Amino acid sequence: MIEKFKKPYDPAETEGRIYEAWERSGYFSPENLPEALTSENGKPFTMVLPPPNANGSLHVGHALGKALADAMTRAKRMQGYKALWIPGADHAGFETQVVYEKKLEKEGRSRFQMDPKDLYNEILAFTLENKSMMENQVRALGASCDWTREKFTLDPAIVREVQQTFIKMHEDGLVYRGKRTVNWCPKHQTSLSDVETESVPEQTPFYTFKYGPFEIGTVRPETKFGDKYVVMHPEDARYAQYAHGDTLELEWINGPITATIIKDEAVDMEFGTGAMTITPWHSQIDFEIAKRHNLDVEQIIDWRGKLLPIAGEFEGMKISEAREKIAQKLADKGLLVSTDTEYKNVVKRCYKCNTMIEPQIKDQWFVKMAPLAKMALDAVDRKEVRFVPEHEEKVFRYWMENAMDWNISRQIVWGIPIPAWTKNGEIQVGIESPGEGWEEDTDTFDTWFSSGQWPLLTTGYPDGADFAEHYPTDVMETGRDLVFKWIPRMVIFGLYLGKKVPFHTVYLHGMVNDANGKKMSKSKGNVINPLDLTSKYGTDALRMALVVGNTPGMDLALREDKVKGYKHFANKLWNISRFILESATDADLTCALTESDQKLRARLDEVLVDVTRDISDHRLYMAAEKLYHYAWHELADVIIEESKPLLAGEDVAVVASRKRLLVSLLTDTVTALHPFMPFVTEEIYQSLPTKTTDLLMVAPWPVKAS
RNA sequence: GCGCGGUUAGCUCAGUUGGUAGAGCGCGUCAUUGACGUUGACGAUGUCGGGGGUUCGAAUCCCUCACCGCGCACCA
């Protein structure tokens with residue numbers, strides 16, 4: 001009997017030591033796995049860790065992802081696959097820059113007063129510090145990923161490859177430079193993609209103004225200075241007397257103007273008066289109308305969100321301030337017809353700072369989505385990618401079917417530089433300067449442009465050994481919220497560059513909420529730090545609490561009681577082991593089993609077959625619960641209880657059989673639980689007389705996977 | 001407005017192809033000083049959101065309504 005079993009299981013003392021032993025063994029790398037384990041199967045099983053944003057610490061949602069992915073990887077490894085889980089970190093362009101800008105703000109500094117190089121280097125130092133902290137947190141969660149293959153989105157080789165992708169796409173006509181409407185954040189001074197904005201419903205006064213003989217509605221009087229086109233539907237009978245191209249003189253905000261009639265089918269006859277004026281520079285729909293009719297396009301609001309000289313007396317005013325004053329001026333001139341204060345519309349805001357997005361016309365790089373989206377949809381039609389849960393496929397399709405061209409250039413320093421050069425309005429794409437006088441593009445890529453290529457980049461696309469062996473990967477485990485942000489981009493790049501889908505299965509976990517089912521947020525103060533829970537209850541306990549009863553795609557209300565319950569379970573396992581090791585450590589592992597003991601053995605085999613199927617069908621929540629139930633309520637409550645009198649009995653054959661049975665049941669139970677509770681099971685395994693490998697993480701799975 | 005998910009025991013949630021409901025926590029009674037200061041046995045509580053349909057049989061399939069949550073959204 002080993003001394004350590006005399007005290008309750010102590011995760012704090014155990015976990016660090018065990019992780020170190022795992023990492024030292026080299027088994028996180030598939031090529032180091034014991035021949036005996038992989039000789040029969042030996043197929044690769046590959047996962048890529050969603051690279052956490054290296055700008056803070058891990059939250060409990062990360063812990064859930066790691067627990068699931070690690071369980072999958074460990075199970076496959078024990079089943080003889082060449083299991084590989086590649087870790088990494090994301091520089092997280094805009095997000096990190098925002099975090100850093102907040103820090104600068106607190107220090108009374110601003111990025112706009114800094115040399116871009118200095119800013120970059122400061123953010124780099126900050127990111128690298130966070131990155132190494134996060135790596136240790138991933139280790140603390142027991143993740144069996146191969147650190148020797150770790151990648152960072154700003155590794156020079158990765159940067160180079162990302163730039164090559166851009167160049168290739170440019171050659172293939174899949175990226176273009178275009179003057180188009182972009183989502184401009186006046187605070188952060190950059191354009192944003194659609195997924196980086198939020199549509200927020202708001203109640204805004206809806207003004208109706210007299211515009212010559214017409215009445216036009218707007219929620220944005222501050223944009224109306226340049227409105228010299230009035231647009232109506234060609235079939236609108238109310239305006240039949242006006243012909244396309246007619247002009248008329250009328251009184252407007254700052255005096256008389258000449259307005260031109262435009263007939264366009266984009267106008268909704270049902271809405272308002274059916275007549276509207278357009279501001280093409282600050283509205284996408286207006287811009288499209290202007291393009292169709294080749295109309296003048298003029299900027300009204302500057303990049304900081306202030307009115308330009310065209311606004312006359314309002315020049316330099318912020319739009320929030322100008323709005324009411326302009327409405328008032330029009331009212332004073334007798335041009336205000338009505339104000340609807342109950343009007344509700346949807347306003348786009350920057351998802352980080354909540355600033356109102358100002359649509360602006362800007363030269364940007366865009367990815368042409370239609371052909372890429374079609375490739376992705378075709379692959380899903382061919383069932384090359386499956387979603388767990390299945391219904392998430394609909395969300396994926398919805399996004400793909402509605403994908404608009406993707407703005408990939410950001411006006412921030414923190415990111416991968418776009419390899420493009422300009423000279424006298426001419427543009428060239430390439431990593432090296434085309435020659436004298438060419439200026440480098442100062443924009444950087446949208447962070448999803450690099451993370452979208454992650455399964456390729458981590459496996460060493462295009463000619464790395466891992467790319468040949470481990471691409472496509474098997475399972476992508478990530479949060480449900482990424483199904484239309486990250487997943488589609490990975491599928492697209494995977495198909496475009498790698499010629500195959502980047503993964504066969506997408507496993508999407510739900511959000512981890514607080515005990516009351518409410519979303520965790522810093523402002524509500526209900527954020528649970530996973531490492532607080534692991535230090536209190538042990539990592540295995542947290543992992544079980546996150547995995548059991550948590551079906552894919554469903555949100556989880558995490559209660560501390562549940563974690564505590566699984567701490568009890570870890571200790572229960574510990575005590576089961578203590579009893580069995582104490583009473584059966586001298587078991588003869590070759591003796592004959594009695595008939596009733598054979599039945600008990602067969603019963604566990606049944607459970608294990610079931611559990612194995614649950615794991616391969618991605619029902620980890622069920623596999624873990626079944627093992628829990630077996631260990632506690634069958635092995636401990638029934639089998640061990642009835643063993644006490646049996647072992648005290650006189651029948652030598654019965655005693656010997658029972659000893660062998662107990663050791664055998666314990667071994668396989670602990671082995672099957674290892675993917676879910678890696679630490680306590682590894683620690684117990686080290687004391688088992690049935691131990692056949694140096695570490696449990698490379699012990700063979702107790703049943704053959706079907 | 002469109003889409004997706006949910007509604008099962010006091011709470012948090014399972015329920016794999018339709019066969020008269022389960023787990024954990026909580027609660028009640030009893031037991032228990034050596035595997036388990038983190039124990040065991042037994043027990044109570046459910047018109048499976050409402051209504052309709054298919055079926056010999058529905059928590060499970062179909063229709064419909066209600067409520068909760070989430071996502072998407074260029075009607076000026």
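Below, chains carry the letters A, B, ... as their sequence lines are ordered, and counting in each starts from 1. None of these values were measured; they are calculated from a predicted model. Note: hydrogens, waters and symmetry copies are ignored here, and every other heavy atom, side chains too, is used.
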Checklist line | Whole-angstrom distance between B:G6 and B:G37, as gauged at atom C1' | finding: 42 Å

Next item on the list: Tell me what A:Gly549 touches on the nucleic acid: a base, only sugar-phosphate, or nothing, going by heavy atoms under 4.0 Å.
Entry: sugar-phosphate

Notebook entry, point to check: Parallel under 30°, tilted from 30 to 60°, perpendicular over 60°: which one fits the rings of A:Phe387 and A:Phe396?
Noted result: tilted

Checklist line | Rounded P spacing from B:G28 to B:A44 in Å | finding: 16 Å

Next item on the list: Under 4.0 Å between any heavy atoms, over every strand shown, what does A:Val346 touch: base, sugar-phosphate, or nothing? Just pick one.
Entry: base

Next item on the list: Give the rounded distance in Å between these two atoms: CG of A:Asp637 and P of B:A35.
Entry: 14 Å

Check: Counting only distance, no hydrogens or angles, is the base of B:C36 paired donor-acceptor with the side chain of A:Lys572 under 3.5 Å?
Finding: yes

Notebook entry, point to check: If you check every side-chain atom of A:His629, which of B:G5, B:G71, B:A23 has the closest atom?
Noted result: B:A23

Notebook entry, point to check: With sugar-phosphate meaning primed atoms plus P, OP1 and OP2, does A:Thr551 contact a base, only sugar-phosphate, or nothing at under 4.0 Å between heavy atoms?
Noted result: sugar-phosphate

Notebook entry, point to check: Going by modelled atom types, is there a donor-acceptor pair between the base of B:U12 and the side chain of A:Arg559 at under 3.5 Å?
Noted result: no

Next item on the list: Calculate the interatomic distance between A:Leu546 atom CG and B:A14 atom P; express it in whole Å.
Entry: 15 Å

Next item on the list: Have a look at A:Tyr207 and say if it touches a base, only the backbone sugar-phosphate, or nothing, with a 4.0 Å heavy-atom cut-off.
Entry: nothing

Next item on the list: Choose from B:C36, B:A73, B:G5 the nucleotide whose nearest atom is closest to any side-chain atom of A:Lys394.
Entry: B:G5

Notebook entry, point to check: Can you tell me the Watson-Crick or wobble partner of B:U55, both distances under 3.5 angstrom?
Noted result: none

Notebook entry, point to check: Now, which nucleotide makes the Watson-Crick or G-U wobble pair with B:C67, with each of the two distances under 3.5 Å?
Noted result: B:G6

Note to self: Between the base of B:A41 and the side chain of A:Glu641, is there a donor and acceptor pair under 3.5 angstrom?
What the structure shows: no

Check: What is the nucleic acid contact for A:Asp481, judged by heavy atoms within less than 4.0 Å: base, sugar-phosphate only, or nothing?
Finding: nothing

Next item on the list: For nucleotides B:C67 and B:C56, find the distance between their C1' atoms and express it as a whole number of Å.
Entry: 34 Å

Next item on the list: Classify the nucleic acid contact of A:Val219 as base, sugar-phosphate or nothing, counting any heavy atom under 4.0 Å across all strands shown.
Entry: nothing

Next item on the list: Take A:Arg397 and A:Glu393, measure what salt bridge (Lys or Arg N to Asp or Glu O under 4.0 Å) needs, and give me the verdict at the end.
Entry: CA-CA 6 Å; A:Arg397 283 180 183 278; A:Glu393 186 184 311; 3.0 Å; yes

